[in-house]
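Whatever order the structure lists ligands and atoms in, that order sets their numbers, starting from 1.
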Amino acid sequence: MSNIQVVVRCRGRNEKEVAAKSPIVIDLPNDTFSVTDPYISINNNYTTTSVSSLSSAANQGTNQSRRSSTNASATLSNYKTYKFDQVYGSQADQHLIFEKVALPLFNDFLGGSNVTILAYGQTGTGKTFTMCSGEQATKEVDFKHSESAGIIPRVLIELFNKLESVGQKDDYLVKCSFLELYNEDLRDLLNDDEKPAKLRIYENVIGAGNINNGGNSSSNGMPASKKLESKQKSIAIQNLREESISNCQDGFKVLQRGVMKRKTASTKLNDVSSRSHTIFTINLYRSQPDSNGSGTSLFKVSKMNLVDLAGSENINRSGAQNQRAKEAGSINQSLLTLGRVINSLSEIASNTSNSSIHNASHIPYRESKLTRLLQDSIGGSTKTTLIATISPAKINIDETISTLDYACKAKNIKNLPQSGQDSDLVMKKVLVKNLSQELVKLNYDLIASRSKNGVWLDEDNFKQILEENESLKASLKEANLSTESLSTKIAHFEKFKASNEINIKNLREQINRSTTKNEAISKENDQLRIDLESKNSEIKQLNERLVKVNEKFNSTTTQLAKVIYENLDSSIESISNILTKYNNSANNEILTTFDRQLAKNIVDFRKSVSQKIRDINNNLSNSLLQDLPEFLNKYNENYDTLNSLVLTLNANLCQNLSDLKIANDKLSGYIIEDHLNYSTQELLTQLIKTKVSSQLSNLHEKLNQSLNLLIQESQHSYKQLFESSITQISQDVIESERNELSKREKNWSNEANRVFGLIDKDLADVNQDELNHNKERFAALSTQTTESFSNLDKETTKNLAGLGELIKREEDPNFSIIRSGLPSLDEVCGSIKQNDASIKNTLAEIDKNLKDIRRFDPKVALKSSPVRSGRSPEVESRRSPSRSPSRTISPSRTYNKHISPTKSLAGVKTKIPQLQTSLENKENQGPNQKRRRVMQEVENLLNG
Ligand SMILES: Nc1ncnc2c1ncn2[C@@H]1O[C@H](COP(=O)(O)OP(=O)(O)OP(=O)(O)O)[C@@H](O)[C@H]1O
């Protein structure tokens with residue numbers, strides 16, 4: 001029976017602790033190694049809590065550790081001192097640890113004992129450094145030549161050195177297993193299967209003669225063959241893989257594989273913190289000499305458990321959260337259980353100092369997998385050494401004290417390790433069988449491949465390879481399809497690229513062309529801008545010229561209107577003059593002449609009558625018949641004069657029209673030649689031309705309208721004035737003349753009746769033939785007069801025809817162009833109408849005179865003869881028309897001399913009324929009536 005060896009290793013301060021300027025609170029007798037004085041003192045003044053949570057948990061129900069601490073404490077009250085088996089300081093290297101701590105156990109291990117080395121301590125204090133290596137596990141480490149190589153690699157090196165140094169005298173077998181306990185789950189760190197078989201802890205009865213149960217379980221158990229009677233149980237792990245190693249390098253590879261699979265994480269206190277508990281186990285099978293001569297080869301089985309516990313940590317200090325906190329909780333939980341186990345074992349050891357076998361039922365091994373795994377190592381049958389790693393820094397003092405408390409308690413635990421002679425023995429055939437199974441499994445392919453020239457595989461592997469091959473074929477097919485698809489796409493993209501390149505080329509050419517065009521357009525724009533500016537200036541000049549033209553046009557229009565007004569005035573004045581002349585000169589002259597002639601005739605007639613009275617027959621007839629043709633000639637002359645006046649009037653009208661036409665032509669010429677010639681720039685300023693034209697047209701139209709309106713109004717007013725004045729004058733004159741003539745006619749009629757009565761009475765013998773002759777002459781005179789009227793009618797008809805033609809031309813749209821600026825038809829018609837009215841008046845006068853002439857009855861005249869009345873000449877002279885100028889037409893101044901007055905007068909008396917009636921009828925039905933009708937129609941047209 002032996003106590004667990006407890007060794008403390010205190011590292012130096014790390015960079016964080018130095019940076020934190022945390023002082024060293026650990027006092028060691030030697031910074032390297034101390035065996036004679038294995039004490040550790042801690043300055044209690046630095047402690048924040050008297051006992052850490054872990055240590056308090058571990059100390060539940062016992063004061064042993066406290067007592068032991070007390071026993072180990074130094075004299076200084078402020079210092080807490082611990083005594084251990086060995087104490088290593090910061091200067092203790094890996095080799096020293098191996099030599100002083102591991103090598104003794106290793107030797108036991110070689111001797112066939114089961115040994116355990118446990119590393120326990122706060123996180124970041126060097127457990128993994130001590131057990132495995134200071135090198136990073138991510139790279140392949142040459143442990144053989146590494147100073148930082150820990151206990152495990154050094155054990156492996158030493159193991160094979162020893163085994164190989166023994167030579168071939170002993171047969172041996174070395175197997176390794178590597179497992180981890182993470183969050184209460186066991187993981188085989190050497191099993192690379194995706195779904196490895198679940199590891200299961202079970203108790204193996206030591207001495208049953210089984211080792212590894214076919215290789216699938218590892219036994220920490222006690223010797224089976226020799227001490228079956230002891231019935232001790234060992235802990236075995238089902239399905240844990242063990243790998244045989246034949247040299248240390250193989251062992252390094254196994255170690256490296258496991259370390260790389262181990263759960264690590266970066267924490268506040270350690271960059272690569274182990275988050276799981278690991279157990280690296282080396283199983284050594286060494287052949288034993290056949291001492292009893294049975295011929296049965298036996299192999300001694302020893303086991304070396306190298307345990308790297310996860311670091312205890314204060315979660316509050318480590319700042320672990322989430323997964324890290326869960327890990328820490330699990331770690332702490334398992335360590336708490338381990339502490340209770342240690343306490344229990346420590347108390348049992350204190351109470352039963354000589355007890356050789358613990359009552360396992362009182363030890364809480366089953367409370368965690370960790371304690372179950374370590375059941376053989378702590379309080380079991382193995383030689384165990386606990387290496388407690390601590391930090392010297394003040395900031396970790398609580399955890400350090402806790403660790404040391406544990407270590408002290410563990411130091412009290414007593415194990416009952418078997419000696420080398422008590423180790424398990426395994427028959428060689430069993431071992432070989434197990435090894436053969438493993439070899440068969442591992443070398444199937446090799447055996448198959450070497451048995452033929454070609455490649456030879458076992459069926460499972462072949463099937464697997466076939467499946468892989470099929471999978472690869474399918475993948476290849478898919479890849480080919482994908483390649484084809486990609487090739488098609490590439491070809492498509494190549495085409496697309498080619499077309500795109502063509503398009504790009506075309507687009508570039510278009511861009512170039514567009515650029516060239518743009519440049520040209522820019523140049524054109526610049527030029528156009530310059531042209532526009534010049535055109536604007538030209539437009540400005542044109543506008544100025546247009547303004548001037550407009551001013552000139554306005555002035556010209558004003559002048560034109562003035563000319564037109566002047567012409568109109570002159571025309572009206574001319575017409576008025578003509579009419580005045582006609583009225584005053586022609587008509588009055590005619591009338592005056594007529595009156596004078598009439599008066600003369602009357603005087604002559606009176607003389608003649610006197611003469612006739614005196615000469616009864618000769619003078620009256622001659623006077624009457626000789627003077628009538630002369631009167632008619634006069635009438636004809638007057639008519640001719642009147643006709644010539646009408647022609648003159650027409651000529652004047654034509655002249656006026658011509659003048660107006662010339663004025664219009666001048667205006668048109670001015671517009672076309674002068675005004676429109678300014679529009680030579682119209683190709684460039686079509687809009688201006690249109691505007692000017694439209695404005696000119698509108699202006700022209702407005703001017704025409706205003707002129708027409710003015711002329712119409714003037715015409716209308718003049719017409720009304722003229723008509724009213726003429727009508728009034730004519731009516732007045734006619735009325736006065738009619739009244740006068742009526743009076744004279746009455747007188748003359750009375751006188752004539754009296755003369756004719758005297759003639760009838762006195763000249764009964766007037767020759768009838770002469771009278772007839774006079775009658776014929778008078779008829780001829782009437783016929784001639786009728787012809788004259790007919791000619792006048794024709795002339796009037798001709799004029800009316802011209803007027804109709806004028807009306808037609810008026811209606812002709814082409815004439816409207818010429819008419820613009822000319823006197824309107826109303827004006828012309830008004831003039832004609834005025835002329836016609838004057839003619840009408842003149843004709844009326846003539847008609848009236850003719851009526852008077854026609855009414856002349858020589859018989860009546862003769863009846864009123866003073867000779868027959870017997871009245872004195874003075875009385876007759878008072879009653880005679882000669883008292884005042886009479887316009888009564890004298891039928892004749894003398895009678896034809898060869899006609900007998902008596903005879904002639906008798907015929908005249910009977911025939912003249914008939915002739916008079918006939919003339920009146922002719923007058924009513926003749927050209928005058930037609931003329932009046934036509935004039936009436938013309939007037940209707942003008943008014944309509
Ligand atoms: N004695 C020592 N000498 C030199 N360096 C050391 C020593 N002990 C530990 N270290 C260094 O301290 C760091 C932490 O050590 P390590 O990882 O072994 O601690 P740990 O106790 O295993 O921590 P955890 O429990 O978190 O895994 C490592 O970088 C290691 O190299």
Side-chain angles (χ1 to χ4, degrees), residues 7-19 22 24 26 28 30-33 54 86-98 100-102 117-139 141 143 146-154 180-182 255 258-259 262-280 306-315 317-320 323-325 327-332 334-335 338 370 386-393 395-396 399-400 402-403 406-407:
V7 176
V8 174
R9 188 179 190 186
C10 179
R11 60 166 172 78
R13 289 189 301 171
N14 59 23
E15 292 178 358
K16 291 178 181 175
E17 291 162 348
V18 171
S22 181
I24 295 173
I26 301 296
L28 299 175
N30 191 306
D31 286 340
T32 304
F33 169 58
L54 287 176
Q86 297 174 39
V87 174
Y88 295 88
S90 60
Q91 300 305 311
D93 59 10
Q94 301 284 68
H95 177 70
L96 183 63
I97 297 292
F98 173 72
K100 299 295 180 183
V101 176
I117 301 176
L118 281 165
Y120 173 84
Q122 183 194 358
T123 179
T125 52
K127 297 182 294 294
T128 305
F129 178 82
T130 301
M131 296 303 294
C132 186
S133 170
E135 302 281 344
Q136 290 288 333
T138 52
K139 60 182 181 180
V141 182
F143 292 111
S146 173
E147 289 295 321
S148 65
I151 291 173
I152 296 173
R154 288 178 187 273
E180 78 170 349
L181 178 63
Y182 174 72
L255 176 66
V259 167
R262 188 182 183 186
K263 290 281 183 183
T264 60
S266 177
T267 65
K268 203 171 178 180
L269 300 176
N270 189 0
D271 294 336
V272 186
S273 176
S274 302
R275 313 308 292 170
S276 64
H277 312 291
T278 58
I279 301 173
F280 186 85
L306 303 167
V307 181
D308 181 10
L309 294 174
S312 63
E313 67 181 70
N314 186 329
I315 296 174
R317 278 197 60 224
S318 67
Q323 185 66 17
R324 299 285 89 78
E327 289 169 353
S330 176
I331 291 167
N332 289 338
S334 60
L335 291 176
L338 178 61
L370 177 64
L386 174 65
I387 303 173
T389 56
I390 59 173
S391 164
I395 56 174
N396 296 316
E399 286 81 6
T400 300
S402 174
T403 301
Y406 269 110

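Residues Phe143 and Leu255 are in side-chain contact: their nearest non-hydrogen atoms beyond the backbone lie under 4.5 Å apart. In this structure the side chain of Arg9 never reaches within 4.5 angstrom of the side chain of Val101, judged on heavy atoms.
The only member of Ser22, Ser402, Ser391 that meets side chain to side chain donor-acceptor pair (under 3.5 Å) when paired with Asn396 is Ser391.
Cys10 pairs by the side chain to side chain contact (heavy atoms under 4.5 Å, CB included) definition with Ile26, Leu28, Ile390, Pro392, not counting sequence neighbours. For the ring pair (Phe, Tyr, Trp, His ring centres under 6.0 Å) test, residues two or more places apart in sequence or in another chain that qualify with Phe33 are Tyr88. Residues satisfying the salt bridge (charged side-chain N to carboxylate O under 4.0 Å, His left out) test with Arg262, not counting sequence neighbours, are Asp308.
In this structure, ligand 1 sits under 4.0 Å from heavy atoms belonging to Arg9, Arg11, Gln122, Thr123, Gly124, Thr125, Gly126, Lys127, Thr128, Phe129, Asn270, Val272, Ser273, Ser274, Gly311.
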